[in-house]
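Below is one structure; the comments refer to it alone.
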Amino acid sequence: MLLLATLLAIMAEVALATFVATRAWSHRPARLFVLFILALILSHVGFMVRADAVDGVERSIGVGLNLLAVGMLNVSLLLLFSAIFVPQWWAGKRPIRWIVLPYLIGVATLTLDLLGQFGLFVQGTRLVDEQVRPVVATPGGSILLGIFAASWLLHLAIIITAFVRQPKVRPALGVLFLTILIASLFGLTLNLNPQFARLSNLAQTVPIAAVMAYIIFSTRFVLPTQVALEQALKSIRDLVVVLDDERNIMYANDAAAQLNFRSGSTLAQALHAGSTDQDAINHVLAAGRRVHSTLALGQRRFTLGLTPVLDRKGRVRSELLLGRDVTEVEERTNQLEAERANLAAAVVQLEAEQREREQLEATVQELSLPVIPVLPGVLVLPLVGNVDGARANDFLQVLLGAVERERARLVLLDITGVPLL
């Protein structure tokens, strides 16, 4: 029964770790949660070996695994709590390195003592009420136990400080406190029955692991970038589609899903379902890793850009299809082009009217100041109407030009039609 329960607990914890890792592996708390689960699994294995041991060697191995697992749990929980509730410890010069260093030294010292069997902290095992207990050395083991007990005060201080200063995490921490209380009471209840006493450890650790996974996902400030990006991708009108190596759609935001880009379908199926522009579709599908094209999808027009997604080693892992909605831009551009064409036509018309006006003015001026050659070398210039300064200047220009042109020796001015001279 203990073996079956341990296997079920390990399977549940591995499932939790896998779920958290696949959903948020790029974030530090998720990776530290996996480390925490590994320490839990190690403790389960050590407890099982210790419970079923038949000789002193097996009991020592089980006790050693248990002690190392407890040390790893201490360190992994400190790292996990600090990453969630005190992220500033991981920024800049990362003071978390110096904070966790004494813990790592303690675990390493205990590991060396167990492997070398020096007896500085643990001197074998013994049976107490049919349970295997480590024999603590004096004074090294007692000192180590005291330091180990005091080391959990930092974890408690982090949680209390977060509860006081960060109201948003209080519900999650409340669930954690309640789970620890219920799991502890349940474990004590199992210890009262000798048949289920061995299961008390499993009954306490599995619920706590589940609550830690819940805290990682429920505490929004733990994953601020991912949450902000998800909300931004849902709200924008542009298309965001992630494709695998075979151009199957792995992710599509809300705007893309409304245009038949859905997870599980291929890029070709989505394009054919949303557009009738076969030339543009063929251009996108036949292109290599990088392409830019404009085509109509539904009632809108989009400029599509297809780019590869590379990992840290420069290898292509997937493709990213971004679609910019250019419907309004194209409509505005067409409107501006039409207005520009109308403006150019108006300018041409104004220029033609200006030329006609200049020609008319020249004709009027020529008719108003006629120079008539009556005999060789004799010109007659009749004047009609008022003669002001501007008209007198025009009169001089016309007259002098005619005299030069006709080589006139005599000019007759007819001022009969001038009322005032």
Side-chain angles (χ1 to χ4, degrees), residues 235-239 255 259 271 274-284 286-287 290-307 321-421:
S235 61
I236 63 176
R237 295 175 56 185
D238 295 338
L239 310 182
L259 296 174
L271 292 177
S275 177
T276 58
D277 192 349
Q278 294 300 323
D279 293 336
I281 292 175
N282 294 333
H283 175 66
V284 173
R290 296 183 181 275
V291 62
H292 291 276
S293 181
T294 301
L295 75 162
L297 294 172
Q299 303 297 324
R300 316 287 295 179
R301 287 186 62 81
F302 291 86
T303 298
L304 300 181
L306 187 63
T307 57
L321 179 68
L322 298 177
R324 174 63 58 85
D325 189 343
V326 294
T327 306
E328 285 80 5
V329 175
E330 289 189 350
E331 291 177 353
R332 183 58 179 167
T333 301
N334 295 334
Q335 182 181 358
L336 291 176
E337 290 293 337
E339 292 177 355
R340 184 180 301 171
N342 294 334
L343 181 60
V347 171
V348 171
Q349 183 179 358
L350 288 175
E351 290 177 350
E353 293 176 354
Q354 180 67 21
R355 286 193 297 269
E356 292 178 358
R357 186 178 298 107
E358 292 175 354
Q359 293 176 358
L360 180 61
E361 289 178 355
T363 301
V364 171
Q365 182 179 10
E366 183 178 355
L367 293 176
S368 63
L369 297 172
V371 179
I372 304 170
V374 292
L375 291 172
V378 179
L379 299 177
V380 175
L381 178 61
L383 296 177
V384 179
N386 295 324
V387 180
D388 55 10
R391 194 155 182 251
N393 183 57
D394 295 339
F395 159 72
L396 275 178
Q397 297 295 329
V398 171
L399 178 59
L400 292 177
V403 169
E404 182 180 4
R405 182 175 63 254
E406 300 294 337
R407 297 185 179 276
R409 295 178 290 102
L410 179 64
V411 176
L412 301 178
L413 300 179
D414 182 6
I415 60 173
T416 305
V418 177
L420 180 64
L421 184 61

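The analysis underlying the following values was restricted to heavy atoms, covering all of them including side chains, and did not include hydrogens, waters or symmetry mates.
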To the nearest 0.5 Å, what is the distance between [atom1] on [X] and [atom2] on [Y]?
| X | Y | atom1 | atom2 | value |
| --- | --- | --- | --- | --- |
| Asp394 | Leu399 | CG | CG | 12.0 Å |
| Gln335 | Glu337 | CD | CD | 11.5 Å |
| Leu343 | Leu350 | CG | CG | 9.5 Å |
| Leu375 | Leu410 | CG | CG | 9.0 Å |
| Asp325 | Leu239 | CG | CG | 7.5 Å |

Practice task
List for me each residue that meets side chain to side chain donor-acceptor pair (under 3.5 Å) alongside Gln359, sequence neighbours excluded, and say none if there are none.
Solution key: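 With sequence neighbours excluded, Gln359 shows a side chain to side chain donor-acceptor pair (under 3.5 Å) to no residue whatsoever.
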Identify the heavy atoms of [X] and [Y] that sit nearest to each other, and give their distance.
| X | Y | value |
| --- | --- | --- |
| Pro382 | Pro370 | CD-O, 3.4 Å |
| Val371 | Ala402 | CG1-CB, 3.5 Å |
| Gly417 | Pro419 | O-CD, 3.4 Å |

Exercise for the section: Keeping to residues at least two apart or across chains, list the side-chain hydrogen bond (donor to acceptor under 3.5 Å, both in side chains) pairs with something in residues 396-416. Expected result: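 Every side-chain hydrogen bond (donor to acceptor under 3.5 Å, both in side chains) pair that includes a residue of residues 396-416, provided the two are not neighbours, is Asp414-Thr416.
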Practice task
Just jot down the side chain to side chain contact (heavy atoms under 4.5 Å, CB included) partners of Arg355, sequence neighbours excluded, or say none.
Solution key: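 Applying side chain to side chain contact (heavy atoms under 4.5 Å, CB included) to Arg355 gives Glu351, Ala352.
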